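Count residues from 1 along the sequence. Note: hydrogens, waters and symmetry copies are ignored here, and every other heavy atom, side chains too, is used. Note that the structure is a prediction, hence the values are computed from the model and not measured.
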Amino acid sequence: MEDRKIPGLNYLSLLGRFLPGAVGIQRKLVNDCAMQEKVVFFLSGFSFKHLFFGAVTALVLVSFVPETVAQQRPNIVIFITDDHNQQDIGVYGNNEVKTPNMDLLAKEGMHFTRGYAASPMCTPSRSVMFTGLYPFRNGAQMNHFTVHAATKSLPHYLQKEGYRVVIAGKIHMAPLANFPFEHVGEEFGRYAPVENRLDRKKETVRTIEEHFKSKPEQPICLIVAPWVPHVPWFPNRDFNPPSLKLPEYLADTRETRQALAAYYQSIGEADKMLGEVMEAIDRAGKKDNTAFLFLADQGAQFPSAKWTVYDQGIRVPLMVRWPGKVRGNSVSDALVSLVDLTPTLIDIAGGPEVDGLDGKSFKNVLLGKTTTHHSYIFAETSMEPHFWYNYVPARSVITADGFHYIRNYHPGQRFITHIDKVERNEFYFDSWVEKAATDPQAKFLLDRYSYRPPEELFNLSTDRASFKNLASLPAYHDKLKELSGLLDKELKRQGETEEMIIDGTLPRFFDRHYALSQNGSAMEMSFNRKLWNPEVLHITGYLDGIDEGGVVCDYFNNFRLYAYKGKIGVQIPGGSTTESKGLTETNGHIWLKLLAGGDLEVRFNNNIVLQTRFSQDLTKIKNGFVTCGKLQGQELTGKLQTFRGRISDLRFTMNELTRSP
């Protein structure tokens, strides 16, 4: 575009020296060529000297308007509790837990009765919240997994609108490049020690105070994410376990009551921290221009809650206070999902609607313009990588008329989580097993948690606890068929097939080797390192198209094997690369053999094409991922690009390729 001189622009330049607000006018005129011509045409009858002095007068008057008026976009605060059932807050009907600040927030705003997480685990749920995409579409289906390389998140959208986007405490999403929050409170964002979880250094409050002093003109979006009431729970101080009213989905044992009291204690600690954040906003004089949201990521770590798509696992508290916009002490029965969070925050910030997201803004519900939102929502569980031996995924839909359909894959597998094996405090599960031997209700609750039928159908309007499975009843045959078809339609829309669900993001294990499909990956948590501890590592497979090619595998950040532009190579951390000469064949069998002592040999079509020696043992499983045909959470170009061809039967074998049966 050629430079064009705009009449009067020198006046605006001079004006910008005295009043910074005029710089935006000048920049707009310079950058928008089409607008330049319209402005010149419209103002052709005016003297720019008059325009200049008129602008000075207007901007001087604006300088005396309070900041809350000058800053048009609202501040946004989102406080997230960790593993917290909706029913365990005073305003939602629990009269025993102590939540005065949560209750106050609800009184001053709107609380939702049908807010749902899209997954009952930390990483998938939070990745959904901040991408606006369901787990399969953003990539983080299992706990601790990464999103896809090109996935955008809330900071990308709000930073474009001029927001400072900050997260205080827990992130639990990866890669961090896909979630470019400014991070404060790293200490209380760590899992341990438990004493750190309440932001002892008050970094959140200090961030609020400093922001409005140093950057009063810039709106802030602040996510406050403590690790409470996630286990380990705080020791009980305020409750008498024998007198507590036990939720009906929990077996009544002494140990369960002690655990519930500790859980309630932790909710109270979260409530105190919420109060500190609310007071900091009030002291800054920003309450009236702040949309303040409170929610949880998923249900509590009790049987049939967290990790499951039962109602207790995914129904979460959701409250919004926005003075002058949201009517105080209001209640919404609209069906909403945490996948709606990012589009709603973009809408509140005044940003444009983002195409391609699964969620949609519920701002109009907040403003009282509508009382409904979704006709149905989707939720899934793909479990933890720790428990590869009992992978029991489920997919579900909940409809606006109150029905909940669940499809359980691998129903013959027993359901196992941390609750059974590695609960870090207040261990109560053995007391359930013991009581189930003599108590029918305890047995029902234990079996409900441990074993699932292929299909489940519940009427949440009459059975909030989800105890009565209607799937086999003739009277509900049509409803079962309707919701099963609805789930099929939703899975097809997302692009997830039954084969993908059944296989999961896991390796296929055999006696002394495991296999990955192309574009698949597995996390180190899925491996018993005492068992998978090779002295000799063999990687074998068949490659089609190494003329284009790319990365064949990334082995737990130890090395990356690639086949690209007719060459095969290995790259180790730091970028050091060993590469073969050019090969004439573009298709063939690859065999990498690596010894713990560092000796490496690579064959292609049974010809040695690469030999070298490393100074360290690269055969052992480390923290990270093993992949096939891609890098986990990254998209690079060149030799480490996603493989452009076909990889068949990629297998990782310990010690011996062949042996006696």
Does the cation-pi check pass for [X] over [Y], that is, NZ or CZ under 6.0 Å from the six-membered ring centre and within 45° of its axis?
X: Arg651; Y: Phe510; result: yes
X: Arg452; Y: Phe415; result: yes
X: Lys98; Y: Phe239; result: yes

Test item: side-chain donor near acceptor, [X] and [Y], under 3.5 Å:
X: Glu456; Y: Asn469; value: no
X: Gln632; Y: Thr146; value: yes
X: His144; Y: Thr123; value: no
X: Asn101; Y: Lys272; value: no
X: Asp88; Y: Tyr263; value: yes
X: Glu482; Y: Ser484; value: no
X: Glu490; Y: Tyr376; value: yes
X: Tyr264; Y: Glu96; value: no
X: Asp340; Y: His374; value: yes
X: Ser127; Y: Asn138; value: no

One thing to verify: whether [Y] and [X] come together as a salt bridge, which I'm taking to mean a side-chain N less than 4.0 angstrom from a carboxylate O.
X: Glu195; Y: Arg200; result: no
X: Asp503; Y: Arg508; result: no
X: Lys435; Y: Asp430; result: no
X: Glu269; Y: Arg197; result: no
X: Asp488; Y: Arg395; result: no
X: Asp83; Y: Lys306; result: yes
X: Asp358; Y: Arg137; result: yes
X: Lys479; Y: Asp401; result: yes

Can you confirm whether [X] sits close enough to [Y] that some side-chain heavy atom of one is under 4.5 Å from a side-chain heavy atom of the other?
X: Trp307; Y: Glu384; value: yes
X: Tyr116; Y: Leu335; value: yes
X: Ser304; Y: Leu445; value: no
X: Ser466; Y: Ile406; value: no
X: His84; Y: Val316; value: no
X: Val392; Y: Met383; value: yes

Mind telling me whether Phe302 and Tyr428 have parallel, tilted or perpendicular rings, with 30° and 60° as the class edges?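 Tyr428 vs Phe302 ring planes: tilted.
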Below 30° counts as parallel, above 60° as perpendicular, anything between as tilted: where do the rings of Trp532 and Tyr514 land?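 Perpendicular: the ring planes of Trp532 and Tyr514 meet at over 60°.
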What closest approach, in Å, do His111 and Met319 show between heavy atoms, and which atom pair accounts for it?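 Closest heavy-atom pair between His111 and Met319: CB-CG, 3.9 Å.
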Would Arg407 and Ser396 satisfy side-chain hydrogen bond (donor to acceptor under 3.5 Å, both in side chains), going step by step from the backbone distance to the final call? CA-CA 6 Å; Arg407 185 179 296 161; Ser396 71; over 6 Å; no
Sequence-distant partners of Arg114, salt bridge (Lys or Arg N to Asp or Glu O under 4.0 Å), two or more places apart: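 Scan of Arg114 (salt bridge (Lys or Arg N to Asp or Glu O under 4.0 Å), adjacent residues dropped) gives none.
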Rounded distance (nearest 0.5 Å) linking atom OG of Ser266 with atom CH2 of Trp233: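 Interatomic distance, Ser266 OG to Trp233 CH2, rounded to 0.5 Å: 8.0 Å.
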Pairwise distance CG(Asn94) to NZ(Lys245) - rounded to 0.5 angstrom: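 Spacing of CG (Asn94) from NZ (Lys245) equals 8.5 Å.
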Tyr449 and Asp420: CA distance, side-chain angles, deciding distance, side-chain hydrogen bond (donor to acceptor under 3.5 Å, both in side chains) verdict: CA-CA 11 Å; Tyr449 165 71; Asp420 306 56; 2.4 Å; yes
Under 3.5 Å: donor-acceptor pair, side chain of Asp554, backbone of Thr627: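 No; judged by distance alone, with no hydrogens or angles, the pair does not exist.
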Suppose we screen for ring pair (Phe, Tyr, Trp, His ring centres under 6.0 Å). Which residues come up paired with Tyr476, at least two apart in sequence or across chains?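 None.
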Do His230 and Cys122 pass the side-chain contact (heavy atoms from CB on, under 4.5 Å) test, and can you show the C-alpha distance, the side-chain angles, and the key distance before you say yes or no? CA-CA 10 Å; His230 191 292; Cys122 298; 4.2 Å; yes
